[in-house]
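These numbers come from the heavy atoms of this one structure, side chains and all, not from hydrogens, waters or symmetry mates.
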Amino acid sequence: TLTNGYTYSAIVFLGKPSGGSYSTMVIPKSAFSTTDYQYELADNSGYRTFKVRYSGNDIIVTGVGSLNNGSITNIYGLL
């Protein structure tokens, strides 16, 4: 959970889709919803899927699945 995350204009996700090189994804505030939306960080060796939604002022991120040990390593808010 990113407390007060809804105050940010975008959320940046940094991860390793296959446990190797890093990949980033920026999700703008306009894409936030109270309904879970699934996103995927991927490369040619693996992926990491996760769901994002907001509740009140908080951004809720839940992990869904991965191939080859994919992971989300950092989450940042952009003002």
>> I want to check something: taking the side chain as every heavy atom from C-beta on, are Arg48 and Pro17 in contact at a cut-off of under 4.5 Å?
In response: no
>> Nearest 0.5 Å, please: how far is NZ in Lys16 from OG in Ser23?
In response: 12.0 Å
>> Rounded to the nearest 0.5 Å, what separates atom CG in Leu78 from atom NZ in Lys29?
In response: 12.5 Å
> Given the rule that I, L, V, M, F, W and Y join up when any side-chain heavy atoms are under 4.5 Å apart, are Leu79 and Ile27 in one cluster?
Replying inline: yes
> Can you name the residues that form a side chain to side chain contact (heavy atoms under 4.5 Å, CB included) with Asn74, not counting sequence neighbours?
Replying inline: Leu14, Tyr76
>> Give me the atom names and distance for the closest heavy-atom approach of Leu41 to Phe50.
In response: CG-CE2, 4.2 Å
> Can any side-chain N or O of Thr49 pair as donor or acceptor with the backbone N or O of Glu40 at less than 3.5 Å?
Replying inline: no
>> With side-chain contact (heavy atoms from CB on, under 4.5 Å) as the criterion, how do Ile75 and Val61 come out once you've worked through the C-alpha distance, each side chain's angles and the decisive distance to 0.1 Å?
In response: CA-CA 10 Å; Ile75 302 173; Val61 180; 4.2 Å; yes
> Closest approach of Lys51 and Asp36, non-hydrogen atoms and distance?
Replying inline: CD-CB, 3.8 Å
>> Using the side-chain contact (heavy atoms from CB on, under 4.5 Å) definition, which of the options Val52, Val26, Thr73 pairs with Phe13?
In response: Val52
> Which residues pass the side chain to side chain contact (heavy atoms under 4.5 Å, CB included) test with Thr34, sequence neighbours left out?
Replying inline: Tyr54
> Mind checking whether Tyr37 and Ile11 sit in one hydrophobic cluster, side chains of I, L, V, M, F, W, Y counted as touching below 4.5 Å?
Replying inline: yes
>> Within the 4.5 Å heavy-atom criterion, are Tyr39 and Met25 side-chain neighbours or not?
In response: yes
